[in-house]
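Here is the structure we will look at, set down as structure tokens.
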Number of protein chains: 2
Amino acid sequence: MPENSSDPHAPRAPYMEVLAALTAEIEAGKYAPGALIPSDAQLCERFGVARETARRAVKVLRERGLIRTEWGRGSRVVDRSAGADPGNQGPAVPNA
Amino acid sequence: MPENSSDPHAPRAPYMEVLAALTAEIEAGKYAPGALIPSDAQLCERFGVARETARRAVKVLRERGLIRTEWGRGSRVVDRSAGADPGNQGPAVPNA
DNA sequence: TTATATTTGTCCGTATGTATG
DNA sequence: ACATACATACGGACAAATATA
């Protein structure tokens, strides 16, 4: 069962919910640096949203530098420890 | 001076016409519970009104609990049979 | 090599939510 | 009340890159 539904009563837009959940998990270390986060399809299944909505959240994570996305592979958590190469995967958009 | 605030022959506001027509059709069973009612664009076309006007009528239907609105999908007729979950889609504003 | 499955990239059409003239 | 524009969302479709059998 999805964690949330797309009802219009959600305090935030659906993609915001996905974004908040993924951000929290990444910062909590649920996905180690270099590890793959769930795929688009898995996020759709888990959150009960359309792929576009899942991708919108993933895009923000990429813009914020939390993940790197590789075509055909998935998105990996970026190692942000001192001295690590950021990889420059997107424009610098630290926050919204 | 208002041209019709005390004129019993004044026509109802356009959104009232849309509201009355949709209410009658829903209660007549034209749209089964769970079925989608016409979209904003279809209502505009059918009644010859602006989208804002169609949406006002739809909003009242939602507030009255006759329909449930899903973002990106449409508005569905609520099953109001005994024991059915109303879904709580809006503030309780049963009538004007 | 080919075939299949998975994943991301992109595009289309439709619908609602919101804001501004 | 009308007209327009944009943001957000859903659903489907296809292409391109990757991984595996």
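Lettering follows sequence order; numbering is per chain, from 1.
Protein atom CD of B:Glu17 is 11 Å distant from nucleotide atom P of D:dA1, rounded to whole Å. Rounded to an integer number of Å, the gap from B:Leu36 CG to D:dC10 P is 15 Å. Atom CD in A:Glu52 sits about 12 Å away from atom C1' in C:dA15, given to the nearest Å. In this structure, the CD atom of A:Glu45 is 16 Å from the C1' atom of C:dT7, given to the nearest Å. Rounded to whole angstrom, the span from the CZ atom of A:Phe47 across to the P atom of D:dA9 amounts to 13 Å. Nucleotide D:dT8 holds its C1' atom 14 Å from the CG atom of A:Leu19, rounded to whole Å. The CZ atom of B:Arg76 sits 11 Å away from the P atom of C:dT16 (whole-angstrom rounding). The CZ atom of B:Arg68 sits 15 Å away from the C1' atom of C:dA15 (whole-angstrom rounding).
Comparing D:dA9, D:dA1, D:dA13 against the side chain of A:Arg51 picks out D:dA13 as the nearest. In the set C:dT8, D:dA3, D:dC10, the nucleotide with an atom closest to the side chain of A:Asp40 is C:dT8. If you check D:dC10, C:dT16, D:dA1 against the side chain of A:Ala50, the one that comes closest is D:dC10. Side chain of B:Ser39, nearest nucleotide from D:dG11, D:dA3, C:dT16: C:dT16. Residue A:Arg56 places its side chain closer to D:dA9 than to any other of C:dA15, D:dA1, D:dA9. Taking the side chain of A:Trp71 as heavy atoms from C-beta on, and the options C:dT16, C:dT8, D:dG11, the nearest nucleotide is C:dT8.
Under the Watson-Crick or G-U wobble criterion, with both distances below 3.5 Å, D:dA19 is paired with C:dT4.
Under 4.0 angstrom from either OP1 or OP2 of C:dT16 there lies no side-chain N or O belonging to B:Arg55. Proximity of B:Arg73 to the phosphate of D:dG11: a side-chain N or O atom is located under 4.0 Å from OP1 or OP2.
Between B:Thr23 and B:Glu27, some side-chain heavy-atom pair lies under the 4.5 Å cut-off. By the 4.5 Å heavy-atom criterion applied to side chains, B:Arg76 and B:Glu70 are counted as neighbours. Side-chain contact check for B:Val78 versus B:Leu66: every heavy-atom pair is 4.5 Å or farther apart. Inter-residue side-chain proximity for A:Asp40 and A:Glu52 is flagged as unmet; no heavy-atom pair is nearer than 4.5 Å.
Comparing B:Gly48 and B:Gly72 by the nucleotide of DNA chain D that holds the closest heavy atom to each, the one mapping nearer the 5' end is B:Gly48.
When all heavy atoms of A:Ser75 and A:Val58 are compared, the closest pair comes out as OG-CG1, 4.0 Å.
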